[in-house]
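Below, all heavy atoms of this structure are taken into account, side chains as well, without hydrogens, waters or symmetry copies. Note that this is a predicted model, so its numbers are computed, not measured. Below, chain A is the first sequence line, B the second, and so on; all start at residue 1.
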Amino acid sequence: MSRILVVDDAATVRMYHRKILGDAGWQTEEAINGLEALEKVHNQPADQPFDLFVVDINMPKMDGYAFVRELRRYTAAHQAPVMMVSTEAQRQDTFAAWEAGANCYLVKPARPQELVLAASLLLGDAQAAVKAAEGVKQ
Amino acid sequence: MGIRYLKKHAALEDIVTVEDAETLLDWLKKQKKPAVNLGRCQHLHAAVLQVLLAVRPAIVGDVPDPWLRKALGCPEA
Amino acid sequence: MNQTELLDQFILEARDCLEQAGQRLLEVEKNPDDKERLNDLFRMVHTLKGNCGLFEFKALETVVHAGEDLLDRVRNGTLGYNDVIADALLEAMDFTAQMVDEIEKTGQIAVEAAPRSQALSSRLRALLEPGATVSTPRAPVSAPAAPLPEAATASPLPSPEPVPPWVDALPPDWRSSPSTAVAWRYSPEPECFFKGEDPWLLARQVPGLLHLKSGTQAPWADLSTLDCYRCNLAFAGISSAPVAYLHEHFRYVPEQVEFFELSNLPDKAAATSMQATVGSPANAAMSSAEVADTATASPDERAQAVRELIFLRTLQIWEDQLIILGRPSPQPGVIQACRLAFKNLLHTLQELELPVSLQAQSSLAAINSVGALVSWAQTHRPSLDHPVASADTVSAAGGGPLTPDNSRRGGGGADDGAGHNKVLKVGQEKIDRLMDLIGEMVVAKNALPYLAQRAESVFQQRELAREIKAQYAVINRIAEDMQHAIMQVRMMPVGTVFQRFGRLVRDISKKLGKDVQLVVEGEDTEADKNVIEALADPLIHILRNSLDHGIELPEVRRAAGKPEQGTIKVVAHQESDRVFIEISDDGAGVNPTRVRDKAVERGLIPADKAATLSDAEAVQLIFLPGFSTAESISDLSGRGVGMDVVRTAVERINGHVDLQSTQGKGTRIRLSLPLSMAVTNVMIIEAGNRRFGVPMDLIVETVRVHADDIHHFKQARTTVLRGRIVPLRALHDLLALDESPLTNEDGEHAVLVVRLGSENVGLLVDHFHGATDIILKPLEGVLSGLTGFAGTALMGDGGVLMILNPKELV
């Protein structure tokens with residue numbers, strides 16, 4: 001069962017993402033900013049690490065970029081793909097995300113099934129990918 | 001590795017370097033029906049690409065690299 | 001959790017944001033320079049906007065977005081706060097509150113709200129630049145029901161840079177690329193080949209490449225006069241990568257390249273944000289294709305469209321990973337994550353039977369470095385031309401090497417979680433037998449060139465000789481492929497050896513009263529079975545040394561200002577054809593003085609020589625046979641087993657050991673091992689009418705030295721090569737042959753320069769013959785004690801070749 005960590009300072013967004021990802025069949029947890037997210041990564045059980053991170057950029061205390069940079073430096077952790085989801089639609093933001101070490105960049109509001117599709121591909125969950133793609137093609 | 005000259009075509013395989021360009025050109029010029037097989041070619045140097053574009057030999061078999069395929073003007077698979 | 005709960009949460013948070021924003025607004029009015037409150041205000045509105053977007057409350061979002069843009073300018077100081085702005089914001093917030101109430105009642109916003117929403121947001125936006133209307137490319141597309149035209153996109157932008165003719169000349173279908181893409185043109189200079197450049201390689205590897213075409217700078221010359229070494233090629237393309245990345249890619253030939261950002265095309269400048277919904281840059285080129293109307297399609301067509309979408313998205317994410325990995329010096333974490341991403345992408349393609357390259361999955365397992373990962377990803381990029389991977393068929397995609405991952409053995413091998421790879425259990429003897437047979441084939445094929453030679457010289461059959469050589473080339477390739485394939489089968493992860501370390505470290509550290517943690521990395525790195533088996537003992541010994549002599553007792557460490565817990569780190573990684581294993585600790589290090597003294601005490605080295613050694617050199621003395629610095633030979637290490645045994649064991653499998661130590665800080669031991677053990681490339685040389693083989697990786701060069709250039713000093717002979725003095729030894733003397741080294745008709749000696757440790761030594765021989773691949777068989781039985789020889793090899797003509805071990809000879 002894949003485990004996803006949703007990182008966003010807006011409670012509604014956290015709930016929203018957890019809903020659509022949960023409906024796709026995955027386990028989700030949340031963190032309200034980068035710092036809390038790092039703590040959760042640090043405390044994750046070794047046999048059940050997070051398989052995917054869905055991360056907002058603008059958060060207080062530690063923003064999305066800083067979180068990914070720290071995560072990628074943290075050699076003791078299982079390195080899972082990171083999907084950055086943000087309201088910023090500029091190219092620079094995509095590049096900044098890549099420079100920090102994120103694997104994929106989506107602009108909010110992504111059509112929900114596009115987000116689930118990207119997550120399925122990064123998780124290697126073929127069944128979920130098909131369902132999500134069907135949802136997009138509706 | 002390099003080019004193998006067979007009876008009906010030259011087989012370009014793995015990595016074909018700049019030094020192979022001239023030999024290939026000479027060989028192709030001598031053939032009645034020049035032909036090359038790029039099925040196992042991973043990369044060829046620009047000089048070799050030049051020779052292929054100038055001579056335009058027949059292409060035997062597949063061209064696995066899509067960019068090379070387009071460059072040579074092969075019809076889409 | 002359902003939609004109502006989500007909506008409730010939205011309403012809750014929206015009201016919360018509004019309340020806080022309202023308060024901040026009033027506070028900011030009193031103190032317009034209060035940065036913190038301004039930022040707070042901005043954040044509230046920003047969060048609100050984000051939440052609105054989730055529900056597609058477009059009318060609401062438009063207004064809030066306009067408010068956010070306004071506040072952004074205010075907070076970064078480019079716009080002064082005044083009561084006009086304050087009033088507009090307050091009205092916007094009232095509107096928002098009303099909308100939230102309506103949402104609570106009916107679950108949506110009435111269509112009639114749209115005009116008011118437009119009016120409000122225009123008013124807000126007008127304040128961004130007093131006196132003029134502004135176009136904001138970020139404004140979302142207005143709700144379909146709105147009767148008013150989109151107010152956000154207004155007057156045309158300032159005219160973009162003029163479009164160069166070469167951009168106009170690009171194929172029309174390229175223009176549907178996203179407006180964020182960059183067109184480029186590369187005209188290599190005619191002499192570039194002589195500078196070692198390969199413009200085709202450079203063009204092909206442009207990051208984020210969407211389109212590429214090649215052409216010529218001038219029409220082709222007539223074939224009879226064509227100079228293939230004068231570059232006449234020209235390339236043009238479209239790339240989704242940022243211009244900065246492109247500049248970097250072409251940094252050595254900047255004057256030969258031109259760029260043009262597609263956003264400067266007149267029709268692109270006012271592009272709507274259709275592309276912004278899924279931000280991956282490579283995406284939008286394909287969005288247009290996506291708009292296909294699936295509502296009226298048949299179920300089959302729908303299923304096909306679904307598969308195409310999945311394939312497309314996979315490809316986009318694949319390309320993004322390549323761009324990420326192309327950045328300078330990515331962190332190891334980045335590489336790991338990208339690798340996992342690739343693995344998962346591949347998995348889905350395979351599960352859904354979409355086209356994927358056959359060897360992709362198995363060859364991914366062995367990759368550890370960023371360079372290897374990048375070329376793997378480029379080679380195995382999903383393309384509609386790959387045959388569909390299915391478990392049964394072995395399709396002839398160019399007839400590449402067989403990769404029987406089904407016969408991979410346990411210990412962390414080919415699992416991908418889906419249990420799709422079939423695994424066969426195979427007895428070890430069968431693998432060994434196969435290995436032997438392939439080994440024999442590799443040697444037997446070597447007879448063919450010899451036969452071809454005979455056909456030509458003895459039997460005057462030139463045609464036949466040529467055909468034999470041609471066929472040899474075919475067999476040679478197949479034999480090499482078989483060899484690689486069997487090597488893959490024999491490859492095992494080093495983790496199988498590392499497994500026992502955890503327990504070992506725990507038990508011994510407890511026994512010695514020390515606190516040690518073991519960190520292991522790279523357990524998936526693979527090496528040949530024989531190498532792994534031969535490694536077990538040396539590694540355990542090194543670990544014991546570390547525990548015994550390296551890591552200090554906790555009190556000692558504390559006194560030295562170190563953390564009480566010592567760390568031993570074991571790291572394995574693979575690079576080209578070698579595997580590197582590094583064992584390092586943060587212990588006491590090796591004490592050079594003690595080592596020096598002990599070596600002298602045991603008569604291993606004269607005192608005056610010992611004194612001339614530097615500390616780094618002195619530390620290396622522990623490799624001398626018969627050495628041990630332990631005061632008491634504890635029952636854990638010692639028993640006369642020293643580092644010399646480790647070194648010998650490692651060198652026997654063609655590896656190297658390297659030790660570095662800093663007193664007080666720690667020790668690091670590095671092992672370098674070959675990936676495969678069986679086939680060695682040797683050069684055949686002749687001395688005293690006998691032939692011998694010398695391993696190619698020891699050979700520095702072959703050179704002819706005139707007898708006059710050899711300096712004699714007592715018994716020693718030397719010569720000067722490339723400005724350095726190289727000692728010379730006659731192989732004849734070393735092997736106690738009766739004959740003396742021969743010279744050729746010019747009075748020159750044949751000298752084979754080999755590298756022994758850090759020095760070069762020249763071996764005088766009679767003749768050089770060619771290089772060849774052989775299966776090295778170590779000496780066995782009565783001959784195993786013989787020094788000077790690494791082993792024997794069976795030659796194509798049936799003879800036996802003795803392979804030298806120069807280190808032991810000299």
Side-chain angles (χ1 to χ4, degrees), chain A residues 8-13 15-16 18-19 22 56 58 60 69 71-82 86-95 98-99 101-112 114-115 117-118 120-127 129-130 133-134 136-138, chain C residues 1-2 5-6 9-10 12-14 43 46-47 49-51 53-56 138 180 242 244-245 273 276-281 294-295 302 305-307 309-310 313-314 317 320-321 323-324 327 330-334 336-338 340-341 343-348 350-352 416-418 521:
Chain A
D8 199 306
D9 63 331
T12 312
V13 175
M15 189 184 268
Y16 175 83
R18 289 187 72 176
K19 178 181 193 313
D56 181 30
N58 292 305
R69 268 196 297 271
L71 174 69
R72 293 293 180 235
R73 265 205 277 270
Y74 188 18
T75 49
H78 167 78
Q79 292 292 338
V82 169
S86 170
T87 50
E88 308 307 317
Q90 310 283 32
R91 287 305 291 303
Q92 304 64 291
D93 305 296
T94 316
F95 311 147
W98 289 341
E99 296 281 340
N103 301 82
C104 183
Y105 186 94
L106 258 55
V107 175
K108 268 195 280 199
R111 282 175 274 177
E114 281 285 6
L115 190 144
L117 176 55
S120 315
L121 294 175
L122 287 172
L123 288 170
D125 187 335
Q127 263 63 337
V130 173
E134 285 169 352
V136 169
K137 280 299 180 183
Q138 253 20 328
Chain C
M1 190 212 308
N2 56 26
E5 275 183 49
L6 201 54
Q9 170 64 40
F10 167 76
L12 191 69
E13 197 165 26
R43 258 192 355 102
H46 175 79
T47 302
K49 182 196 86 173
N51 291 355
L54 298 175
F55 295 87
E56 310 231 357
R138 289 199 293 173
T180 44
Y245 289 19
S273 59
T277 43
V278 182
S280 167
T294 50
R302 287 265 297 275
V306 162
R307 284 167 65 80
L309 177 62
I310 292 179
R313 292 284 177 263
T314 303
I317 297 180
D320 289 350
Q321 304 317 295
I323 297 184
I324 293 167
R327 301 311 299 141
Q331 306 254 44
V334 171
Q336 271 187 58
C338 287
L340 184 53
K343 183 169 166 216
N344 290 342
L345 290 172
L346 261 187
H347 175 75
T348 302
Q350 281 172 342
E351 283 264 314
L352 300 177
D416 60 358
E521 269 174 40

* Validation row: C:Arg43, A:Asp9 side chains within 4.5 angstrom (heavy atoms) -> yes
* To do: Compare all side-chain heavy atoms of A:Asn103 with those of C:Gln321 and state whether any distance is below 4.5 angstrom.
  => yes
* **Part of A:Asp56 lying under 4.5 Å from any heavy atom of chain C** => neither
* Asked: About how many Å separate OH of A:Tyr16 and CZ of C:Phe55, when rounded to the nearest 0.5 Å?
  -> 8.0 Å
* Hey, mind stepping through C:Glu351 and A:Gln127 against side chain to side chain contact (heavy atoms under 4.5 Å, CB included) and telling me if it holds? -> CA-CA 9 Å; C:Glu351 283 264 314; A:Gln127 263 63 337; 3.9 Å; yes
* Checking side chain to side chain contact (heavy atoms under 4.5 Å, CB included) for the pair C:Thr348/A:Ser120: CA distance, chi angles, key distance, verdict? -> CA-CA 9 Å; C:Thr348 302; A:Ser120 315; over 6 Å; no
* Considering all heavy atoms of both residues, which atom of C:Glu13 and which atom of A:Ala11 are nearest to each other, and what is their separation? -> OE2-N, 2.8 Å
* Asked: What's the spacing between A:Gln79 CD and C:Cys338 SG if we round to 0.5 Å?
  -> 10.0 Å
* To do: Using atom types as modelled and distance alone, determine if a side-chain donor or acceptor of C:Asn344 lies under 3.5 Å from a backbone N or O of A:Leu122.
  => yes
* **Nearest atoms (heavy-atom pairs only) where A:Ala80 meets C:Ala337** => O-CB, 4.0 Å
* **Partner chain C: residue of A:Ala118, A:Gly124, A:Pro60, A:Ala102 with the largest heavy-atom pair count (under 4.5 Å)** => A:Gly124
* Asked: Does a side-chain heavy-atom distance below 4.5 Å link C:Leu340 with A:His78?
  -> yes
* Smallest separation among heavy atoms of C:Val306 and A:Val130, with atom names -> CG1-O, 4.1 Å
* Between C:Thr314, C:Ile323, C:Val334, which residue shows the highest count of heavy-atom pairs closer than 4.5 Å to chain A? -> C:Val334
* CD on C:Glu5 to CE on A:Met15, rounded to 0.5 Å -> 6.5 Å
* So do C:Leu309 and A:Val136 actually touch side chain to side chain, heavy atoms under 4.5 Å? -> yes
* Audit row: A:Glu114, C:Arg313, side chain to side chain contact (heavy atoms under 4.5 Å, CB included) steps and yes/no -> CA-CA 9 Å; A:Glu114 281 285 6; C:Arg313 292 284 177 263; 2.7 Å; yes
* Structure fact -> The interface call for C:Leu12 against chain A, heavy-atom contacts under 4.5 Å, is neither
* **Part of C:Thr47 within contact of chain A (heavy atom distance under 4.5 Å)** => side chain
